Amino acid sequence: MKKTAVINSNLSRVISQMGHFDKLAIGDAGTPVPEGTEKIDLSVTRGIPAFMDVLNNVLEELEIQKVYLAEEIKTKNPDMLKAIQERLPETPIEFITHEELKSDLKDCKAFVRTGEMTPFANIMLESNVVF
C-alpha cells in the first residue's frame, strides 16, 4: 500500500503525471467542470472533505510555482483567502475573474471536487519542477 500523503489512486496518478506548468484545480462541491476535464470527486457530504484539507494533502506531493484564484474570493470568502495565503506565503497568486477560472478548468489535468460548501473556494495550482 502507498505510504505517501496522497492515497487516492486517481489523484495520485494525476499528480505523478504532471509536468512543469501543468495545472491541477481543487474546488468546492458546486463548481461546474467542463466536459473533457477529468473530475476526481472526493466529496462525501457537506463539508467533507474540506477544501483546505484536500489542498494541504495535495501540497504534500505537488511542487507548485503559482496559484490562480477568483478575484471574487477577496470579498465573498476572505477567510478562505486568508487560509490559502497563510498556507502558501511565498507562492505568487494571480487573481482572475471567477468566469475565467471556470473557463480555464478546461486546460487543467484534472479538477478535484471537495465537499466544501463556501463560495469561491476554488484554486488552480501551477506545477513547478523539483530540481
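Values in this document were obtained by computation on a predicted structure and should not be read as measured data.
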Contact list for residues 30-44, test salt bridge (Lys or Arg N to Asp or Glu O under 4.0 Å), sequence neighbours left out | R13-E38, D41-R113
Please collect all ring-ring contact (aromatic ring centres under 6.0 Å, His included) contacts where either partner lies in residues 27-50, sequence neighbours excluded, each pair once.
-> none
Side chain to side chain, I64 and L88, heavy atoms closer than 4.5 Å | yes
In residues 52-60, what donor-acceptor pairs under 3.5 Å come from side-chain atoms, sequence neighbours left out?
| unit_1 | atom_1 | unit_2 | atom_2 | d |
| --- | --- | --- | --- | --- |
| N56 | OD1 | R87 | NE | 2.7 |
| N56 | ND2 | M52 | O | 3.1 |
| N57 | ND2 | A5 | O | 2.9 |

In short, ring-ring contact (aromatic ring centres under 6.0 Å, His included) pairs touching residues 90-111 with sequence neighbours left out are H98-F120
Could you pull out all residues at least two apart from K76 that satisfy side chain to side chain donor-acceptor pair (under 3.5 Å)?
-> none
Taking only residues two or more places apart in sequence, or in another chain, which ones meet S12 in a side-chain contact (heavy atoms from CB on, under 4.5 Å)?
-> K2, V6
All side chain to side chain donor-acceptor pair (under 3.5 Å) counterparts of K82, not counting sequence neighbours | none
With a cutoff of under 4.5 Å between side-chain heavy atoms, which Ile, Leu, Val, Met, Phe, Trp and Tyr residues group with I48?
-> V44
List in chain and number order the residues that pass salt bridge (Lys or Arg N to Asp or Glu O under 4.0 Å) with K74, two or more places apart in sequence or in another chain; answer none if no residue qualifies.
-> E71
Residue pairs, two or more places apart or on separate chains, that pass ring-ring contact (aromatic ring centres under 6.0 Å, His included) and touch residues 11-64 = none
Determine whether Q85 and I93 make a side-chain contact, defined as any pair of heavy atoms from C-beta on separated by less than 4.5 Å.
-> yes
If you group Ile, Leu, Val, Met, Phe, Trp and Tyr whenever their side-chain heavy atoms sit less than 4.5 Å apart, what else falls in with F131?
-> V129
Pairs touching residues 116-127 that satisfy side-chain hydrogen bond (donor to acceptor under 3.5 Å, both in side chains), sequence neighbours left out = D28-N122, T31-N122, Q65-E126, Y68-E126, N77-T118, E116-T118
